[in-house]
Amino acid sequence: MSSTTARRVRATAAVIGAALALAACGSGTQPQLGGATGGATGGGSGDAAIVWGLEGGQSDSYQAAVDRWNADHPDQPIELQMFGNEGYKDKLRIALGAGQGPDLMFSWGGAALQAYVDEGYVDPIEDPAIIDRHLPAVLDTVTFDGKVYGAAINNMQPVVILYNDAVFRQVGATPPTTWDELVELVPVFEAQGIAPIALAGQSKWPQLPYLGYLVDRIGGPEVFDAVIANEPDAWSHPAVTQALTEIQDLVEAGGFVDDYASIAYETGAADALLYTGRAAMMVVLSQAYSNIKNAAPDFVEAGDLKAVPFPAYDGGTGDPANLVGNPSNFWSVNAAATDEHKETVTAFLAEQVMNDEYIGEILDRSAVPGVTTAREQIAERDDAFAGLVVDLTEAAPHFQLSWDQAITPSQAEQLTTHLDRIFLLQSTPEEFVAEMNATLDAK
Amino acid sequence: MTSPVPTVPAGATGTRGGGVPVRRGRERQPVSAWLLAPALILFGGFALVPLGGAVALSFTSWNGLGTPAWLGLDNWGAVLTDDVTWLTLGVTLKVMVGTWLVQTPLSLLLGVYLAPRGRWRAWMAAVYFVALLLSSSAVALVFKNLLDPNFGLAGPSGPAFLQHPWLGDPNTVLAAVILIIAWHFVPLHTLLYQAGARQIPGSLYEAAQLDGAGTVRRFFSITLPQLRYTIVTSSTLMLVGSLTYFDLVFVLTAGGPGYATRLLPLHMYLTGFTATEMGRASAIATILAVVGLCLSLGLTRLSGFSRMQSQQEGL
């Protein structure tokens, strides 16, 4: 995504007034919008098995794997169709509901996938060659009733703090290890005219890790487990209110870049703020490291992009080693696919996904796939960021799937909207708790 | 449509083309019913049936997968008592009024200006209509990038008066959205006014000129009254159309920040496809359809458009 992103940011200036450029830009970006514009890429050639993927730091690997498969198996062709993040989930749901889904679908696991499993839209994966290579935390996300419904296709993505080390050196600061230290850094960067934290607020989901981590650090994983289990008044736990208050305090203190509410993640502007030195930190899925490495290779090459885990919270009962994020993204087999296509895509998963070549490509981007088969290659390489991700995930007692994926889409929509209002200081923690408790009752 | 009209006797078919059958005038009805068929089939298949489907769905609980479960009036109760529904309706009304206030004067003046023949004007009209040909999503993406507060024109490198997070500030985002909608749709309404202005007989202006009326007087006394029905048509399109703005706003702001630009159609989409509550979204859709219908019926009735009286009597 990020190469197109950088291009788009640069294109902004060139675009002014050029009507034809407008039209070209529109058609060029349409597939990125997926369901939003109804523009699917490609028409599907002949009887190829269709695979849907999402643009992202690792998406080149999907195409490479499909190309390798097609070279080896010209009689069982696979076609990869790529989509942007925005609108993909809607598109997938509509397509599956209408019987037009792909043979192999991209997903995040968690409650959204479980809904498809419960309705019989997804087939379990039974090939032990695929199942056995996964790390337990990764497999948990796609295991329902003891069966596995997805194969990991990219990397473990804990949310970490990425920071611009050059900016930190410039102001003489050290990365925060506790929440209080993070708050104390705000005036330090403000004084230098640097935004302390970059945030793509318009996309809403980049705001979720703050709540996820703070609740976990303050009250432990049990707090959100109660939400997932739809226990009455689960959101009333004091850790939630405290976390929301901390977030609003940080907003009021000027912790986030001034105009975060107009920054969409897909445009790459938040990443760009960090690597251009206009912001010091970003709390973000580790995936952003790969995105920035693609968009600003010189910056990463110079060793200025560094990472630390989300800080501990003084007085909190949660283990500071716990992680929040996406254990992986997955490909799941459509139950409505023909037997031939099911056979093709299952063999494709076993043969071309997470083989040594595939793992190597992911590691090249400083990302770490959640499979045991990657261990040897990781050991051979000396990559500080990949090493950090391995250390964090191996040491984590609990790896919480991103909240918007872990609860039902209906609850997630309410969650992102109400958290947005918390960030905008348009509602209070008490109102948030009441609104979110109502979503539990609705279930 | 291959069979002949059944109620007309075989011997009478010959008279159909001749237009003779004065007596059979009362039997005309079955004939016209058949002629209506293509329109009825299209309208029924693509408007009435889906509308009925939406109404039916609004009484069910359905997440888009599996079978809808009967729920009764629960969705309606929830939608009508939900503050967000009324809030989004308020936003929709604001956009509706703002859209009309911005677009009507602009497109009226532009349309009248572009109406006279002339190479320069024709060239300008052609260039100007390009905006209309672009897809809403493309327009939204371009403006989103242009208004990016860090790397776009609204950023430090842009002109000073633009330096503001237009789409991130709940106080300015609605105005920005209304102006972008205007940029996209003013060409359409200009086209309407241009065509309307060209219909006005030149003799009216000549007579007025002989009587000593100036440009302004001629505009208010001839052009504006003559364009009455064009104004009604254009206004109806604008007002009812603002109930359908979705793609542009979805790409531009996704309804945010907070609820600042969550229009009713966008609320319907988010409820149906993001929150996957199709039943509740169908209830919102039904409300939208009813509001749109009342609006267009009310407009045509109030304005006298439905009476279709000529503005050029005596000419």
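Below, read A as the first sequence line, B as the second, and so on, with proteins coming before strands; counting in each chain starts at 1.
A salt bridge links B:Arg262 with A:Glu413: at least one charged nitrogen is closer than 4.0 Å to a carboxylate oxygen.
Here the side chain of A:Arg278 pairs a donor or acceptor atom with the backbone of B:Asn150 at under 3.5 angstrom. Using a distance-only test at 3.5 Å, with no hydrogens or angles considered, a donor-acceptor pair links the side chain of A:Gln202 to the main chain of B:Leu252. With hydrogens and angles disregarded, no donor-acceptor distance shorter than 3.5 Å links the side chain of A:Asp90 to the backbone of B:Thr274.
In this structure, no portion of A:Ile422 lies under 4.5 Å from any heavy atom of chain B. For a residue to count as touching a neighbouring chain, one of its non-hydrogen atoms must lie under 4.5 Å from one of that chain's; by this rule B:Asp169 does not touch chain A. Only the side chain of A:Tyr121 has a heavy atom closer than 4.5 Å to any heavy atom of chain B. At a 4.5 Å heavy-atom cutoff, the contact between A:Leu424 and chain B is made by side-chain atoms alone. Of the two parts of A:Arg421, only the side chain, counted from C-beta on, holds a non-hydrogen atom closer than 4.5 Å to a non-hydrogen atom of chain B.
From A:Ser410, atom OG reaches atom CZ of B:Arg280 across 7.0 Å, with rounding to the nearest 0.5 Å. Atom CD of A:Gln411 and atom OG1 of B:Thr276 lie 10.0 Å apart (nearest 0.5 Å). In this structure, CG in B:Asp148 is found 8.0 Å from CG in A:Asp259, a value given to the nearest 0.5 Å. Atom CD1 of A:Ile263 sits about 11.5 Å away from atom NZ of B:Lys144, to the nearest 0.5 Å.
Within a 6.0 Å radius of CH2 in B:Trp120, no more than 12 heavy atoms belonging to other residues, nucleotides or ligands are found.
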Check the pair B:Phe273 / A:Lys89 against side-chain contact (heavy atoms from CB on, under 4.5 Å), numbers first and verdict last. CA-CA 9 Å; B:Phe273 296 103; A:Lys89 274 183 257 176; over 6 Å; no
Applying side-chain contact (heavy atoms from CB on, under 4.5 Å) to A:Thr267 and B:Phe151, what does each step give before you reach the verdict? CA-CA 10 Å; A:Thr267 65; B:Phe151 303 99; over 6 Å; no
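Between A:Gln426 and B:Pro257, the closest side-chain pair of non-hydrogen atoms is not below 4.5 Å.
Options A:Pro409, A:Ser427, A:Gly120 differ in how many heavy-atom pairs under 4.5 Å they form with chain B, and the most are formed by A:Pro409. Your options are A:Asp118, A:Ile94, A:Asp258, and the one with the most heavy-atom pairs under 4.5 Å with chain B is A:Ile94.
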